[in-house]
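Keep in mind the model is a prediction, meaning the values are calculated, not measured.
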Amino acid sequence: CMVGKRMRSLEGVPQTAEEMQAVMERSGISKAIVYHCIAWESDIVMGNGCLDEEIGTSDRFIKQWMVMPSFFEEFDNPTQLLKKMKQNHVSSVRMMPYKHGYSIKPYSMGTLMDAFAECNVPVFIAMNQLSFDDLYALGTNYPEVKFVVCEPGYRGTRQYAPILEN
């Protein structure tokens with residue numbers, strides 16, 4: 001789930017941690033994996049940093065950070081990232097390659113994916129961020145990484161089945 005004030009709010013969509021907890025309470029949900037909307041909308045580093053401030057000390061939220069490869073020192077290298085994740089009790093990551101403008105191919109993501117595999121870090125990615133060929137390539141190029149495909153949609157069932165078999 002995404003928390004934090006969005007640039008353009010949508011009516012009825014929770015933005016604050018308190019609003020999210022109220023929805024969770026009504027729905028009988030005890031815990032939720034959350035990332036900050038700023039990391040999704042504009043600035044990964046700032047958004048990841050805002051997550052603690054947004055959710056406070058609530059034990060109902062499981063922290064997730066947005067990630068991308070680091071080529072221009074704009075983002076932590078895998079060693080630095082994993083160290084900070086451990087210090088901040090972040091247990092999974094989310095990728096938005098289409099939105100944030102990077103490739104999922106090994107020349108771009110290989111080192112980062114190897115680190116996630118080695119440390120058993122689940123990688124969440126929404127289906128609107130890749131094609132079915134990209135999804136197949138993720139599984140083929142990074143077989144040791146645990147991927148969680150979000151928002152798959154029902155219309156892709158015939159395309160998911162052969163990917164999952166391989």
Side-chain angles (χ1 to χ4, degrees), residues 1-70 74-78 80-104 108-109 112-113 115-117 119-132 134-135 138-139 142 145-157 160:
C1 298
M2 186 166 49
V3 295
K5 298 265 186 212
R6 290 156 182 81
M7 284 191 252
R8 191 187 81 178
S9 63
L10 300 171
E11 188 175 331
V13 176
Q15 293 189 44
T16 67
E18 292 78 24
E19 291 171 352
M20 180 69 70
Q21 286 186 51
V23 170
M24 292 167 63
E25 200 64 40
R26 285 193 311 269
S27 305
I29 298 169
S30 59
K31 292 188 180 275
I33 297 172
V34 295
Y35 60 97
H36 202 280
C37 70
I38 292 174
W40 176 74
E41 289 181 332
S42 58
D43 188 318
I44 290 175
V45 175
M46 182 187 294
N48 289 345
C50 290
L51 187 57
D52 276 339
E53 183 179 326
E54 183 67 42
I55 65 173
T57 58
S58 173
D59 63 350
R60 297 190 70 187
F61 296 119
I62 301 165
K63 292 189 258 184
Q64 181 178 75
W65 278 358
M66 194 74 66
V67 297
M68 63 185 240
S70 177
E74 62 189 330
F75 196 69
D76 292 325
N77 67 44
Q80 295 165 324
L81 175 64
L82 290 167
K83 181 179 178 183
K84 287 180 180 178
M85 286 176 63
K86 187 173 183 177
Q87 291 169 342
N88 289 281
H89 309 285
V90 176
S91 58
S92 66
V93 297
R94 180 172 292 263
M95 293 177 14
M96 297 291 229
Y98 180 74
K99 182 167 185 59
H100 294 140
Y102 58 87
S103 172
I104 59 161
S108 176
M109 292 295 292
L112 194 54
M113 290 298 186
F116 293 150
C119 294
N120 205 26
V121 174
V123 177
F124 288 61
I125 187 164
M127 229 10 246
N128 67 0
Q129 292 296 303
L130 41 97
S131 67
F132 287 101
D134 291 336
L135 180 59
L138 282 175
Y142 315 111
V145 176
K146 292 180 180 175
F147 290 102
V148 178
V149 178
C150 306
E151 304 167 37
Y154 70 93
R155 293 181 184 238
T157 304
Y160 293 120

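M109 is listed as a side-chain neighbour of Y142, based on a closest heavy-atom distance under 4.5 Å. With contacts defined as side-chain heavy-atom distances shorter than 4.5 Å, the pair L51/W65 qualifies. Annotation: side chain of C150 is in contact with side chain of R94 (closest heavy-atom distance under 4.5 Å). Looking at E74 and V45, their side chains never come closer than 4.5 Å, going by heavy atoms from C-beta outward. For the pair M113 and M95, the minimum side-chain heavy-atom distance is below 4.5 Å. Residues F75 and L81 meet the side-chain proximity criterion, which asks for heavy atoms closer than 4.5 Å. At least one side-chain heavy atom of E25 sits less than 4.5 Å from a side-chain heavy atom of R60. The closest side-chain heavy-atom distance from N48 to V67 is not below 4.5 Å.
Residue S92 is tested with Q64, K146, K63 for a side chain to side chain donor-acceptor pair (under 3.5 Å); the sole match is Q64.
The CE atom of M96 sits 10.0 Å away from the CD atom of E41 when rounded to the nearest 0.5 Å. Here CG of L82 is found 10.5 Å from CD of Q80. Values are rounded to the nearest 0.5 Å. With rounding to the nearest 0.5 Å, the separation of OG in S58 from CE in M24 is 7.0 Å. The CE atom of M20 lies 6.5 Å from the CZ atom of F61; values are rounded to the nearest 0.5 Å. Taking CG of L135 as the start and CD of Q129 as the end, the distance is 13.0 Å to the nearest 0.5 Å. The CG atom of L138 sits 4.0 Å away from the CD1 atom of I104 when rounded to the nearest 0.5 Å.
Taking the six-membered ring where the residue is Trp, F132 and Y160 present perpendicular rings, their angle passing 60° and hence far from 30°.
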What donor-acceptor contacts under 3.5 angstrom involve side-chain atoms of residues 26-39, with partners at least two apart or in another chain?
from : atom 1 : to  : atom 2 : distance (Å)
S27  : OG     : V23 : O      : 2.9
K31  : NZ     : D59 : O      : 2.6
H36  : ND1    : I38 : N      : 3.1

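Within 6.0 Å of the NZ atom in K84, the count of heavy atoms belonging to other residues, nucleotides or ligands does not exceed 12.
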